Each structure stands twice: as structure tokens, then as C-alpha cells.
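Sequence lines set the chain letters: A, B, ... in the order given, protein chains first and strands last, and positions in each chain run from 1. The shown structure was predicted, so the numbers you read here are calculated from the model rather than taken from an experiment. Just so you know, these numbers use all the heavy atoms, side chains as well, and skip hydrogens, waters and symmetry mates.
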Amino acid sequence: MSHKKIVLLDGSSLAFRAFFSILDLERFKNKDGLHTNALFSFNRMLENILDQFQPTHILVAFDQPGPTFRTKQFEEYKGNRQKTPSEFKEQLPYFRVLLDGYGIQYYDMADYEADDIIGTLSRQADSDDEVIVISGDKDLTQLATDNVTVYITRKGVSELEAYTPEVIREKFDLEPLQIIEMKGLMGDSSDNYPGITRIGEKTALKLLHQFNTVAEMYDRLDELKPSKMKENIINDKANALMSRDLAEIITNVPLEKNLEDIAYKGKQTDLLMDFYRQMQFNSFLTQLQAQTGLEAEAEEVPADLPLYQVIEVDQVQADHLPDRAALYIEMLEENYHMGQVIGLVWQDLDSHEIYLADWDQAIQSPAFKAWLADASNQKILFDSKRDQVILANAGLDLAGIDFDIMIANYLIDTHLAKELADMLTNNDMPSLVKYDEAVYGKGAKQAVPDSAELNDHLANKVKAMGLLVEPLTQQLKDLHMWDLYQTIEMPLARVLARMEIQGVKVDAQILADKNQALLERLAQMEAEIYDLAGEEFNINSVKQLGVILFEKLELPIIKKTKTGYSTAADVLEKLADKHPIIPAILEYRQISKLQGTYLAGLPTYIKEDGKIHSRFVQTLTQTGRLSSADPNLQNIPARIEEGRRIRQAFVPAHEGWQLFGADYSQIELRVLAHIAQDQHMIAAFKSGEDIHEATARRVFGLDPDTVIDANLRRQAKAVNFGIVYGISDYGLSNNLNIPRKHAKAFIENYFEKYPDIHQFMEDIVAEAKEKGYVETLFKRRRYLPDIDASNFNIRSFAERTAMNSPIQGTAADIIKIAMVRIQDALDEKGLQSRLLLSVHDEVILEGPAEEMEVLSDLVPDIMESCVELDVPLKVEYNQANDWYELK
DNA sequence: GCTTTCACG
DNA sequence: ACGTACGTGAAAGCT
């Protein structure tokens, strides 16, 4: 027999370590709600191990549940183990599926633990075989010999520490087998067996250096001088001998497997791909696909798929263009305002002919242009907003948008992955599309493949799109979201496309001037801070700043982050009077943020038309809000005057035009009052009084005509906010800077005065637990799989989310409806005015000054009346020459 | 790529 | 005992 390389893994120990090495239970979950963190980490570990050791033989040993010979010997053995988290337990069966995919044998055995299986196999190896034992449990180091190296995981599971006999000699001055004796003396708290009273590692080592083994120690007890320790040794003799036996790994278990049985077969690609798909391990799947090519994929495609015919066209002509098509435009850049089209493809959904066309040629083709713009030609699109923008930038109109795969997929479940490859898997369809990353690569290595591979990939995409329309439609209908999809999100996509294409005019000179001024101020402040610190350092480096503040200047440490000292603003504010450097840093941070993010950041997005074209991302947030990116125009400074002046740079597109802004007042609290049907809050809104003052009166039991001072109002406002966020005493105490008990009393009192709100909060959490999701007034769903988590923090977070999402989400529904109505009204009245921005509870338009009066009548009215609630919706509005002057 | 900080509603 | 207010995106430093 030739030289073998045998890897023996302690599966039970490693799986458990894997679970704790990635504790992001929110993210590591597949579409069935199964947690996957331990499987993911274990998979990564396997990859590393196979790569590092290149085994010829490999086995993963598991503990079997139930009693072992050790528990028979000592009933309490491992008796103190806390309950295994359910999030871990549910993953256990899948380790075997994973190992099947890897072609790795696994084994467990009644009465014995994984260590014993490993111990036995390690002794069956020939002396010229190399045996590698891997575990998270240091007890296994007793197995080390000249040809057995024991590796123990470190730092979660990312590093392996090698224990050879030499290492053990160096570390402890012990032979590997004496590890057993050491355990006998010390016991093991995690396995719950006792050692000798008051003997720890130090004393145990000393005794073993003198006596070698536990048995010998008791034989030669007279060599020990009388002492408390000696008494303990004598009293605990039974424990020591028993524990020594418990710690000893059995090396002659009657196994039904031998070394020949555990030869490594290599990955079973199909099985492993299926497993990755089921677990949604996209990166591993991509890797595997890249390693193995497409062949494995092709076999899986069942025969009942349509018969596709792929046609490459040089000149797009009318007979290439069907009545019903799935159309896809490929671009690698995420920011489609700036990107380069690399492919164009469509499928005739009746004949299943797939057309691949040259983009530059197609956009010149009159037939293609006419077809795109003709609403009677139905188009299935992947991301209709993106397509509209790309086509508009090429001067083409897009009409006849029949279906948007991305929006449908997002509404069905906001967590779902956004690639076609995933969508096929989620809908139990053949995986005929690769991941983009497998085709294009990522980061610096991203590139367009040769045209054969590109065309193949694109053709597969429109095949997938054709297959997905029906199941997605059906699910939207089943989940009662067809209305939301059809009457809110789809029309909104068109509105947003127009806003993005329109863009907002920005005066680059204003930004440049302010930038210059702030750069000069920053330089001055920098010098001042160096002076106060007594040395120069990088103020932007949290690490360096931490050293200056908390080590050199010895300021009190209020909060730590997982990497060091926290220097966040709320921490620094508490230190403000301790040292003059603190206010200086706070100011520096503020100015530096304005300068870096806005004054330096924004101009890079101004296009040749003098405008910024942000992207409003419609399929991202968990609540239904929009987000804004490249750049984010939803976080332009507003709260602090100096920052707010940056808005002066945002101006109307034309001379003689103005901006028009309209925002909902207290929309989230109004939504809450309506959903919770709280009569007190509804009455307050109906009366038109200031809601925070009304809250203060009610909560503090004051007369209706009492004047509420600013501080009282501020507290009531904070509580109102807290209610909307899914309140906790901890959060409120932090926000108001008051003791937690105080905050708790506050909340209890609030709930007493607003019992319907309290009832709603309890009901919505109960509903989330029962159904697994919450929904908005318009049936938008958010699944909350963590609502039953065993971890307090994770569960609490899900509970607060259950309270907040229907509120935030309904408010988002309402403004979306309003936007669609506003756009319709503008079109209908033939106004030149147009929507530019939407910032959660406000919209901004621009138009000729003459139209401002029309807008003042039209826009607030639409916003207030587009949805009928049991509380009035109130809108404030304004017109001005720049965004700063607006409201 | 991850972490921290900070801008917005 | 646990230790977070809800929802986002961008910049900068660090590894």
C-alpha cells in the first residue's frame, strides 16, 4: 500500500464551533427559513482543509445522541451542557447531505463518541501514513504521535493550531498521552467531570512532571509532603481515577469501517450543487460552477422545456420582433446611468425563438425603435426602470411593459435573492442560468467573456424570464399582492424612471466655493487639534483618535466597540467638558463629513447636462420604502444650518422655473393611530392640535389649556418616536439620556393612556409569531423568521420590527400612491412641471413659475386624499428658487 | 470586504 | 441576564 494522507474530522465539535463562528442568524437563512450559518462555515472549513491537506482518505466522525459508555460510567458526564440552540439543531441533518456532496464518508456509533472513532482509526494507519486529526476540542491532542498530528481550531474556525508530540513537549513538558493524566487531575468543566479539588493546570503539570501518571502518583503518595493539597489528593482519589478514565480516548472501538472504506472520492458535483442551491450558498455555487463548467447544468434540464431556437441577427428587422417578448439588456455596471451596454437579447414567447442582436446596430434600427415604443407589443422585463433609463439614454422610448420580474420577486419576499439563477431555484425550476459572477467575475477581475459564452448566458436569461412570469404572477395573486404590484409598484416604476431620467440640476460652482471654504477651515482645525493633542495624528482614524483620547489624555472610556474604543458623537458629547479637544473633534467631524461626502462627493455625479441622476432603488428595503443611490439624494443635510446650506446648490433646471416641495406632516403617527384605531390619538389628529403637545398633556395628565414647555414636548416627541420604532425602555433611556427605570415608567404610563396603541403592539407581535410575517394596509409583506429566535436580542429585534414595519411600510405605500397620482395629474393636465425627488414623506417637483399655483392646488390635495384613513392626512407645501429655501 | 461613523426620514 | 431604538447610503480606515 502506498503512502496515505488520512484526515479525520471531529464532526460534532467542528459543527458546533462552526455555528458560533458566524452568529449572523439573520443573514444566514435559506428560503425555507432554515438557518445555514453552521453549514456555511463548515463548508468553508472543508474547502480549506481539502485544499491545505489534499487527503487521500477522509472521514468525519459524529457523536451519536443518547448515552455512551462514559455516561454509563458516570451519569453526569456532559450533564451540564446547556440546551443546544434550536437554530443549530435544525442544521444537523444537513451536514450529512453536505458531506455526501463532497464525497466524504461519515460515521457514528452507539455507545461511543466521535473522539473514539477517530482515535481507533488513527491507530490503524501504517507508520508511513500521515494522519491529520482536526477538532475544536483540545482533549484530542492526546492522540498525537510521530505520524498523527492533531489540529485544534482557533479564532472561531479560521485557524488551525498543530499539536505534534514535540509541540506538546515544548508547551507542557508532557508526552501526548499524559494529557489524559492531566485531565484526571484537573477534571473538565465543559464535559462536567470533576478533578481533584483546587488543582488547576499549573499544579497538575507539576505533579505530572514528578509522577508521570495519576496511578503512579497514588502509588508514591509518601513522596508528597503533608499539605492541604495532599489531603485533597487523598480525598478525591476516586474522582481522579474516574476522570482519568473518562478523558482517555478509546483506540480499539469495534468499527465497521476501516481505512480502505474512507478513501476520498472527490466532490459529487451534482449533489453538491443541489445542496448549495437548497441552502442558497451562492458564492460556493458560483465557485463550483466556475470549476466544473456548464456540463453538469445541461443534464438537469428536463425535456418538457420549450424548444428554444437561438438566432443571432445582424440587422434587426420587423420579422424578428414579436407581439410578446422577454427582453433583456445587459450592462455590468450597477449604476446604469453611467454604464455600457454589452448585450441585447429577447425571446419570442410564442415561438420560443431567441434573438441576439448588436446593441449599437439595434438602437439605430427603425423597426426596433418602433417595436419598443409600441405599447401593443408586450414586454416581459427583468428591471423595467433600468431598461427605461438605458433606452432613454440611447434616445429610445419603451412602452408595453407587461411584467417586471425583479419587482414581483421583491414583493413576494423582500429577502429573496435578486438574480435569475436564484429565482429559478426558488420556483423549483431547472437551473439553466449561471450566476453573473461565474460568467463575468467580480471586482478587478470582472470582464466580458467571449461572445459564445456571453450569448449563451444572455439566451439563458431570457429563457428564465419566460419561465418565471407565470409562477411569480400566481404567487402575487395567492399572497393578495397583485393589486399592490399592478396598481402601485408597476406604475411607480415608470414614474421613478422619468424622475431618474430627468435628474436634478445642481450648481457645481456653489459646491466648489463651499468646498474651498471648508477645506481651509479643516486645515485650521486640524492644526488646532494637533496642538491640543500635543502631536500630529490622523483625526479620521478612529484607532489613532482612540489612542490619543483614551490613552494619552486618559479620558474616561464610556463605550467600546468590538474593535476598540468608541469615538462616536454621542460618546464624545458626554466627554465634551472634560477636555477642549473634544468639542474641536466634534466640529471637525461635522465639517469633514459635509466636505467629504457632499461638497467633494456630489460633483462627481454631475453629468454633462448639469444634473445629478440618482437611482431610486425600488426593490431593496425591507419595509417598502425607496432608497436612493449614486448619489443618495435622500440624506442631503437638513438638520443643521451649516449643512443645510448645501441645498442651495440644488436648483430648478431652467430660468424662470421654481422648485415645489410638499411633505406629509406626522404621517407615521397618523398611520399608527389609524391602524391601532386609537380613539384618543385619532381625536387629537382630528382636532388639529400639535400631536406631541397633545401627547404630553395626556401622558402627564395636564389640562387641555396647559401651556406645554419645550422640554415636556421634547420628551413626549421622543416617546412618540419610540412608539413608532417599537419601543424599549433601553432605547428610550438612551435617547432621552434618562435612567432606564424612568424610561420604563414613561412607557407604561403611555400605554395606560393609549390602551389601543398598547393592544396593537401586543397583537401585531402575536400575529407575527402566528403567521411569520406582518403586512401593511396595502398587503405589502415582511417576513420575520427571527420572531421565535432563542436569542433574546435577535428575537427582540424581530418584535420591534413587527411593530414598526406596518407603520413605516404603510406610510411608504401612501406616498407611492400619491406619486403615481401626481404624475397622472401632471400628464393629464399637460403641465410642464415634473417630479424630481422623493424623500420618504416628501416629494419635490420643479416647473415654470406660472405653474406653481396649480401645483399648490393639485399636489397637496392629491397627497391628502389619495388614501382614506380614519385620521386626516396633512400636507405642508412650499415653493422656492432652490432646495434650501424650500420649507 | 468589514467596521465605524454620520448624513437623512 | 440579555443590552437595541426603525429604515437607509457613503466615506474613510483597516486588515
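- Using a 4.0 Å heavy-atom criterion, one finds that A/Asp663 contacts no nucleic acid atom at all.
- The separation between A/Lys717 atom NZ and B/dG9 atom P is 11 Å, rounded to whole Å.
- For C/dC14, the OP1/OP2 oxygens have no side-chain nitrogen or oxygen of A/Thr563 closer than 4.0 Å.
- Here A/Thr801 lies in heavy-atom contact (under 4.0 Å) with sugar-phosphate atoms only.
- B/dT5 and C/dA10 make up a base pair, with Watson-Crick or G-U wobble contacts both under 3.5 Å.
- Of the charged side-chain nitrogens involved, at least one lies within less than 4.0 Å of a carboxylate oxygen, so that A/Glu489 and A/Lys816 count as a salt-bridged pair.
- An OP1 or OP2 oxygen of B/dG9 is reached within less than 4.0 angstrom by a side-chain nitrogen or oxygen of A/Arg639.
- One atom, OH of A/Tyr884, and another, P of B/dC8, lie 14 Å apart when rounded to the nearest Å.
- At B/dT5, none of the side-chain N or O atoms of A/Arg589 fall inside 4.0 Å of OP1 or OP2 (strictly under the cut-off).
- Atoms CG and NZ, from A/Leu416 and A/Lys418 in turn, are 8.0 Å apart once rounded to the nearest 0.5 Å.
- Regarding contacts with the backbone of C/dG9, every side-chain N or O of A/Arg615 stays at 4.0 angstrom or more from both OP1 and OP2.
- At the phosphate of B/dT4, neither OP1 nor OP2 sits under 4.0 Å from any side-chain N or O atom of A/Ser566.
- In this structure, A/Leu669 places its CG atom 13 Å from C1' of B/dG9, rounding to the nearest Å.
- Distance alone, capped at 3.5 Å, places no donor-acceptor pair between the A/Glu87 side chain and the A/Ala789 backbone.
- Residue contacts for A/Leu620: at a heavy-atom cut-off of 4.0 Å it reaches the sugar-phosphate backbone alone, with no base atom in range.
- Here C/dC14 is the nucleotide among B/dT5, C/dG7, C/dC14 with the atom lying nearest to any side-chain atom of A/Ser541.
- If you take CG of A/Asp570 and P of B/dA7, they are 12 Å apart, rounded to a whole angstrom.
- Nucleotides B/dC8 and C/dG3, compared at atom P, are 30 Å apart to the nearest Å.
- Closest to the A/Lys562 side chain, of the nucleotides B/dT3, C/dG13, B/dA7, is B/dT3.
- Residue contacts for A/Ala718: at a heavy-atom cut-off of 4.0 Å it reaches a base atom on one of the strands shown.
- The interatomic distance linking A/Gln544 (CD) with C/dT15 (C1') rounds to 15 Å, in whole Å.
- Across A/Ile667, A/Thr776, A/Thr623, a single residue satisfies side-chain contact (heavy atoms from CB on, under 4.5 Å) together with A/Thr810, and that is A/Thr776.
- The side chain of A/His840 approaches C/dG7 more closely than any other nucleotide in the set B/dC6, B/dT5, C/dG7.
- Taking the side chain of A/Thr597 as heavy atoms from C-beta on, and the options B/dT4, C/dA11, C/dG13, the nearest nucleotide is C/dA11.
- Nucleic acid contact class of A/Ala811 (heavy atoms, under 4.0 Å, all strands): none.
- Using a 4.0 Å heavy-atom distance criterion, A/Arg740 is classed as a base contact.
- Between C/dT4 and B/dT3, the distance separating the two P atoms is 15 Å to the nearest Å.
- The pair A/Glu668-A/Arg625 meets the salt-bridge criterion, with a side-chain N (NZ, NE, NH1 or NH2) lying under 4.0 Å from an Asp/Glu carboxylate O.
- For A/Tyr730, taking side-chain heavy atoms from C-beta onward, the closest of the listed nucleotides C/dG13, B/dC8, C/dT4 is C/dT4.
- Distances shown here put every side-chain N or O of A/Arg625 at or beyond 4.0 Å from the OP1 or OP2 atom of C/dT8.
- As judged by a 4.0 angstrom heavy-atom cut-off over every strand, A/Asn632 is placed among residues touching the sugar-phosphate backbone only.
- Residue contacts shown for A/Gly726 are absent, as no nucleic acid heavy atom lies under 4.0 Å away.
- Out of B/dT5, C/dA10, C/dG7, the shortest distance to the side chain of A/Asp630 is found at C/dA10.
- Side chain of A/Gln808, nearest nucleotide from B/dG9, C/dA10, C/dC14: B/dG9.
- Contact annotation for A/Glu668: no contact, since no heavy-atom pair falls under 4.0 Å across all strands.
- Among the atoms of the strands shown, only primed sugar atoms or phosphate atoms (P, OP1, OP2) are found under 4.0 Å from some heavy atom of A/Ser627.
- Spacing between atom CG of A/Asn734 and atom P of C/dT4 amounts to 9 Å, rounded to whole angstrom units.
- Using a 4.0 Å heavy-atom cutoff across all strands shown, A/Ser592 reaches no nucleic acid atom at all.
- Distances from the side chain of A/Asn793 to the nucleotides C/dC2, C/dG7, C/dG9 place C/dC2 closest.
- In this model, the phosphate group of C/dG13 is approached by a side-chain N or O of A/Asn538 to a distance below 4.0 Å at OP1 or OP2.
- Between A/Thr561 and the phosphate of B/dT4, there is a side-chain N or O to OP1/OP2 separation shorter than 4.0 Å.
- Considering CG of A/Asn515 and CD1 of A/Ile646, their distance stands at 9.5 Å, rounded to 0.5 Å.
- Rounded to a whole angstrom, the distance from the P atom of C/dC2 to that of B/dA7 is 32 Å.
- Out of C/dA5, C/dC2, B/dG9, the shortest distance to the side chain of A/Ile727 is found at C/dA5.
- As a whole-Å value, the separation of A/Glu642 CD from B/dA7 P is 11 Å.
- No contact: A/Ser805 has no heavy atom under 4.0 Å from any strand.
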Q.
If you apply the rule side-chain contact (heavy atoms from CB on, under 4.5 Å), what do you find for A/Lys543 with A/Thr563, and how did you get there?
A. CA-CA 9 Å; A/Lys543 205 174 163 197; A/Thr563 53; over 6 Å; no
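- Residue contacts shown for A/Val724 are absent, as no nucleic acid heavy atom lies under 4.0 Å away.
- Atom OH of A/Tyr565 and atom C1' of B/dT4 are 16 Å apart (whole Å).
- Between B/dT3 and A/Lys543, no contact under 4.0 Å exists linking OP1 or OP2 to a side-chain N or O.
- Comparing atom distances between the A/Phe792 side chain and each of B/dT5, C/dG7, C/dC2 picks out C/dC2 as nearest.
- The base of C/dT4 sits within donor-acceptor range of the side chain of A/Ser728, with an N or O pair under 3.5 Å.
- A donor-acceptor pair under 3.5 Å links the side-chain atoms of A/Ser614 to the main chain of A/Pro631, judged by distance alone.
- Pairing partner, C/dC2: none, since no Watson-Crick or wobble contact has both distances short of 3.5 Å.
- Under 3.5 Å, the side chains of A/Tyr565 and A/Glu551 contain a donor-acceptor pair of N or O atoms.
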